[in-house]
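When a ligand or atom number is given, it counts from 1 through the structure's own listing order. Because only heavy atoms are used, hydrogens play no part in the values below, and waters and symmetry mates are left out as well, while side chains stay in.
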Amino acid sequence: MSRYIATRAIRGSNALVTEAEVMLNKAICDKGPDAPVSFPNTAYYLPLILAMTGIEVRTISQLKPVLEHARKLLHPIPSAMHWTPYLGETLDSGMATLLAAETIEAIRFVYGLQPEPRPGIELSGGTTYTTDANGIKDHLNGPIDDIQLRSWGIQLVDGRMPGFAAIVGAAKSNEVAVKIVRELQKRNILTFLSGNVNGRSIIDQLVEEGVQLGYDTYTVPFGTDTLSAIYALGFASRSALTFGGIKAGQARDILMYNKQRVFAFVLALGEVDDLKYAAAAGAINFGFPVIADTVIPEILPTGVTTYEHVVSMPFNKIDGKDDLERAERLVQKCIEVRGVKIKMAEVPVPVPYGSAFEGEVVRKPDMRVEFGGKHSRCFEYLHMAPLDSIVDGKVEVIGPDFDAIPAQGHMDVGVVVEVAGRQMQEDFEPVLERQIHYFVNGASGVQHIGQRDIAWVRLSTAAVDKGFRLEHIGKILHARFHADFGAIVDKAQVTIYTDPDKFNEWLTRARQAYDFRNRRLADLTDNRVEEFYSCTLCQSFAPNHVCVVSPERLGLCGAYNWLDCKASYSINPTGPNQPIKLGKMIDNRKGYWSGTNEYAAIGSHGQVQEVSMYSIMENPMTACGCFECIVMLIPEANGVMVVSREDPSMTPAGMTFSTLAGIAGGGLQTPGVMGVGKYYLISPKFIYADGGFKRVVWMSSFLKDSMADELKAVAIREGDPDLIEKIADERSVSTVDELLAWLEEHNHPALVADPMF
Ligand code: SF4
Ligand code: ZN
């Protein structure tokens, strides 16, 4: 253990705890002891403090015991004579630093100083703030909200997102900063940005280079000071609480969970000062190693992290022909030191490729050419072919490429994918076709929206300048279908049609296929199949939760419908989706079968004995935490409300989505509360036993707007074409009283229906 690091970390932590104490005393004077303290959009209070101490901080005065605890963890600065290793003391100091750092950020929120203002910044996804106390609207991201934590949840659980990098400081040059972030994005590693060196932050460097920052591109700018790095550890703490099912205050378990399950590391760019040493010592507590691109002493393995604790890799000494190569090696070193496991397909395109680019937007001025959208047409059609009729990897463009199209112009493009494989079935065609969206979107500088004959693709000028052409769409699809669906796809061939006659001919064929599939899917009802499927993918963080997926009820996260599960089962017969033989029908109205009940008991490890497929009142299905919507009984209204994840407003139940989520999740049966996928709302089997869709008395406007056509069809099916207009939403109603008045006024059918219970 390095005495140098111990000395500096201990010194840094002493200074920070003292600073926090001074700030707290001042805040108590200025704002009063009962002034509320919170981070935005989280149910976890101040998450690191909650996780480590169990204290649910709601008011300023509750920060006192936190800092008292931090002070107890401090140690005197080691004397020059002292020789023992100081790891324990250093780790304690690190923890004290984290507690003090989160305290300071919380106090800054009280003063309206967090998140950090940044005029002109536009984040792609992320918390949007209304004007703050100082009249500033544009901000860096600040802490990550719970909604985002959950939506990254599945990816963290299934390994698509291998971990996160907390970058602190500034890179040698803007070019190096961009390269480091691109290398991380390419591997789908989530990147948190904070800190500065002599006033210059990596955030400045990336903004100057026009890199899109925000949730959608996996690069989250916390703040330009070191303290904001605390939000990374707040995220890590919440992962353990949310996905690990660990209780607040079980500090040791939470730290162990992070060491074993959360593949994160700290990359310190530029000079490391006392505070950074202290914060780094905090990160090591979580098992997160620190890699610095400057000369600092190293800390070799002792078991707190998996491998080395602190690694020094002076940037200019890294082997490499230029800075870009050095940046690449630096990132590789980080991955190695943390043991991050990367699952990645090599995709042969001239631009960076990875899921982190899926959310990238290509704006009109940056666009070279678009296919589909307002001015042209674009379709995608995937179908199976006999094994010997196609050539694997063949990509053909029939008709001219886009070279002759003027800048920011448009053209018609049809993408036809043929796949073959011994295990391939016609049922999988739509499942595979839907992946085209994700696959194509993964290329940097390519934006993909929609599907089937409403696809819309934009290529950026930057991507085209790097050599991106139509054929690369085919190359992406070939590579990804093999990588992701190798078990069913043995061969894939792609043809891209731009020739007008051929385009029209294939568009007609594609539309016939879409129609055929629509009709078949509509026929696919729960009573026409012999088996449903289980999904236990979320058991890694909600150990007793199972989704039972039927043709008329998809998984609550919205990502798995019956066909998806069937496909997944044939691809991976021992995987998370197993067929559930229905056996004997017990109750067709409530949705009980002998097979589903038996499975529910086994799958939930005895927690649940029976599960009703169509009722919210009796043995409703459990939920993990990934639900798209929450359905909840409003007894006074004799109906239910449906709150979508996108809706931050107050509901008539007196709770917001994030508070409700705490009640709905956790794998328990709670009659009257259910987490569901939003397409279940339009199913004829939606709470069928309780009266069906006519029970919906309140619904987030987001759902009304985004599913307008589907909901209209449901209203007609239910025999009440104006039903949707009779349903209240957050724009007009936020209390039960207002709701009842609205329902009276609009003559909602729930008021005269049978009592729900
Ligand atoms: Fe998790 Fe259910 Fe979605 Fe499966 S279907 S991933 S268990 S939420
Ligand atoms: Zn889940």
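- With a 4.0 Å cut-off on non-hydrogen atoms, Cys624 touches ligand 1 through its side chain and not its backbone.
- Atom numbering of ligand 1 starts at 1 in the shown order; those under 4.0 Å from a heavy atom of Cys535 are 4 (Fe), 5 (S), 6 (S), 7 (S).
- Atoms of ligand 1 lying under 4.0 Å from at least one heavy atom of Gly555, given by number and element, are 5 (S).
- Side-chain contact between Gln669 and Asn619 is present, with heavy atoms from C-beta onward closer than 4.5 Å.
- Checked against side-chain contact (heavy atoms from CB on, under 4.5 Å), Gln435 has the following partners two or more places apart in sequence or in another chain: Tyr438, Phe439, Phe481, Phe485.
- Side-chain contact between Ile580 and Glu531 is absent, with no heavy-atom pair separated by less than 4.5 Å.
- Of all atoms in ligand 1, numbered sequentially from 1 with element shown, those under 4.0 Å from a heavy atom of Cys547 are 2 (Fe), 5 (S), 7 (S), 8 (S).
- Numbered from 1 in the order shown, with element, the atoms of ligand 1 that lie under 4.0 Å from a heavy atom of Leu556 read 8 (S).
- Among Gly677, Cys557, Ser568, the residue whose heavy atom sits closest to atom 3 (Fe) of ligand 1 is Cys557.
- Under the 3.5 Å distance criterion, the side-chain polar atoms of Asn577 are matched with a main-chain donor or acceptor of Ser534.
- Partner of Met699 under the side chain to side chain contact (heavy atoms under 4.5 Å, CB included) criterion, chosen from Met707, Lys704, Glu730: Lys704.
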